[in-house]
Amino acid sequence: MNCRDSTPNCGDSVCVLKPENPFDPTSSDNNNQYAPALVDYFSMLTLDNTGSIGGLSSSSPFTFIFSCGYKENLRGLAGGVTGSAGLGRSRISIPVQASTIFHYPRYFALCLSGSRTRPGAAFIGTKGPYKFGRGIDLSKSLVYTPLLLNPVGKYSYPDLKKPSDEYFIGLATSIYKAVTEAFVKAAASSPFNLTAARPAQPFSVCYPARNVKTTRDGPTVPAIELVMHRNDVVWKILGSNSMVRVAVKGGNDDVWCLGFVDAGVKPRTSIFAGDPSIVIGGYQMEDNFLQFDLESMRLGFSSSVLSRGTNCASFKFAAKRG
């Protein structure tokens, strides 16, 4: 946030913000316009001590800071998006502002839905419990790895870099080659016995859908394990998050493709992140529960919650009456 000197039409200094889109750096580079910082009320539903929705909590007037951006800032984002929300460590991100306004501890949790019609859930200022479908508390499923400060950026990162909003996992070329070769070898062995088909862009490893069995965890393929700061701290990626179904044009069969992409020799995914070797995509985050614990500077993750008999779209948002 920058404060400029007052003008003849303004009694006080005017605070301004520069909206930025980290996934399309050119939209920020070519847009030198600043937007006035605005303030308003902020309201959010609260959780009770059982992990269920309680009442509504509202701030005092003129406490929540935001701004209006420009159409250029939406380039490269999903269709229908009308704005963006900061969820990082900056003083005016939504989690940090909410923690300041309501005196909540600095926790932010996220569960992205894999459903096209039902939303997931985000939680601010609580370490749980988080009760999802069938009364399952996902806080009990978390394992933790330290959050590290990125030396070339502004935000916190786990050991394998902070998940981004890129849809599929992006790997530096050398890592991509090693992972895909190992995956193809494992998939060809028992009990999978899969033979690769012609790839469908942008993927390079695909299999005929008719040959791939499916369970509640998704396609039955080799699991991919991301080992964190210790060998026993592992983010396991099952078929529901590793495989993408693709309709083959002009063909007689769909294919399941490994949802990893070659991000190049020096991947650059945002104006903030520097050059990470691995970027976990939004697809890999679906139906995974993540907790950013800024009190202890650690990331909690569950791996796929489908294997626990629930999903991120099963949280009930209806507030209690009376």
Side-chain angles (χ1 to χ4, degrees), residues 47 49-51 86-90 93-96 98-99 103-114 120-151 153-166 169-171 175 217 223-238 240-242 269 272-274 276-312 314-315:
L47 292 181
N49 56 10
T50 69
L87 301 175
R89 295 186 304 112
S90 74
S93 73
I94 289 180
V96 173
S99 294
H103 306 290
Y104 292 158
R106 294 181 300 162
Y107 293 95
F108 172 64
L110 181 68
C111 204
L112 293 183
S113 172
F123 306 86
I124 296 172
T126 175
K127 60 180 178 181
Y130 310 105
K131 293 289 185 67
F132 281 75
R134 300 175 57 196
I136 295 174
D137 177 10
L138 292 182
S139 68
K140 297 180 179 179
S141 303
L142 297 174
V143 294
Y144 293 92
T145 190
L147 277 170
L148 306 179
L149 294 180
N150 182 1
K154 300 179 182 178
Y155 299 106
S156 298
Y157 286 76
D159 286 1
L160 288 174
K161 306 300 179 187
K162 183 180 179 181
S164 78
D165 288 331
E166 297 294 332
I169 281 187
L171 304 176
I175 300 174
D217 297 326
I224 297 172
E225 297 185 344
L226 305 180
V227 181
M228 301 298 178
H229 64 293
R230 295 199 317 260
N231 289 338
D232 62 338
V233 180
V234 176
W235 185 332
K236 182 176 288 187
I237 302 176
L238 304 177
S240 58
N241 294 112
S242 67
T269 59
F272 301 128
S277 298
I278 300 174
V279 178
I280 300 176
Y283 187 76
Q284 282 71 39
M285 291 171 61
E286 290 178 358
D287 290 313
N288 282 247
F289 193 84
L290 301 175
Q291 182 197 77
F292 296 87
D293 175 1
L294 297 185
E295 296 289 329
S296 302
M297 289 301 293
R298 62 181 185 170
L299 169 71
F301 57 92
S302 66
S303 298
S304 177
V305 302
L306 299 178
S307 62
R308 293 168 173 79
T310 191
N311 59 70
C312 288
S314 65
F315 186 81

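What you see below is based on every heavy atom in this structure, not just the backbone, and it leaves out hydrogens, waters and symmetry mates.
For Thr310, the side-chain contact (heavy atoms from CB on, under 4.5 Å) test picks out Phe132, Ile136, Leu138, Val305, Ser314, with sequence neighbours left out. Residues satisfying the side-chain hydrogen bond (donor to acceptor under 3.5 Å, both in side chains) test with Asp137, not counting sequence neighbours, are Ser139. With sequence neighbours excluded, the residues forming a side-chain contact (heavy atoms from CB on, under 4.5 Å) with Leu110 are Phe108, Leu112, Ala122, Met285, listed by chain and number. Taking the ring pair (Phe, Tyr, Trp, His ring centres under 6.0 Å) definition, one finds that Tyr107 meets it with nothing, sequence neighbours left out. The side-chain hydrogen bond (donor to acceptor under 3.5 Å, both in side chains) search around Asp232 returns Arg230, not counting sequence neighbours. Every residue meeting the side-chain hydrogen bond (donor to acceptor under 3.5 Å, both in side chains) condition with Asn288, not counting sequence neighbours, appears here in chain and number order: Trp235, Asn241. Here Ser113 pairs with nothing under the side-chain hydrogen bond (donor to acceptor under 3.5 Å, both in side chains) rule; sequence neighbours left out. The side-chain contact (heavy atoms from CB on, under 4.5 Å) search around Val234 returns Glu225, Val227, not counting sequence neighbours.
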Let me see the working for Thr126 and Tyr104 under side-chain contact (heavy atoms from CB on, under 4.5 Å), right down to the final yes or no. CA-CA 7 Å; Thr126 175; Tyr104 292 158; over 6 Å; no
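Nearest approach of Pro95 to Gly86, heavy atoms of both residues: CD-O, 3.6 Å. Listed here is the closest heavy atom pair of Arg134 and Arg308: NH1-O, 4.3 Å. The two residues Tyr144 and Leu142 come nearest to each other via the heavy atoms OH-CD1, 3.6 Å. For the pair Gly88 and Val96, the tightest heavy-atom approach, listed with the atom from each and the gap, is O-CG2, 3.8 Å.
Residues in residues 294-307 take part in these salt bridge (charged side-chain N to carboxylate O under 4.0 Å, His left out) pairs, two or more places apart or across chains: Arg106-Glu295, Asp293-Arg298.
Residues Leu294 and Leu147 have side chains in contact (heavy-atom distance under 4.5 Å, counting atoms from C-beta outward). Asp287 places a side-chain heavy atom less than 4.5 Å from the side chain of Cys312. Between Phe289 and Tyr130 the shortest side-chain heavy-atom distance falls below 4.5 Å.
Here Gln284 contributes atom CD and Leu238 contributes atom CG; the two are 12.0 Å apart, rounded to the nearest 0.5 Å.
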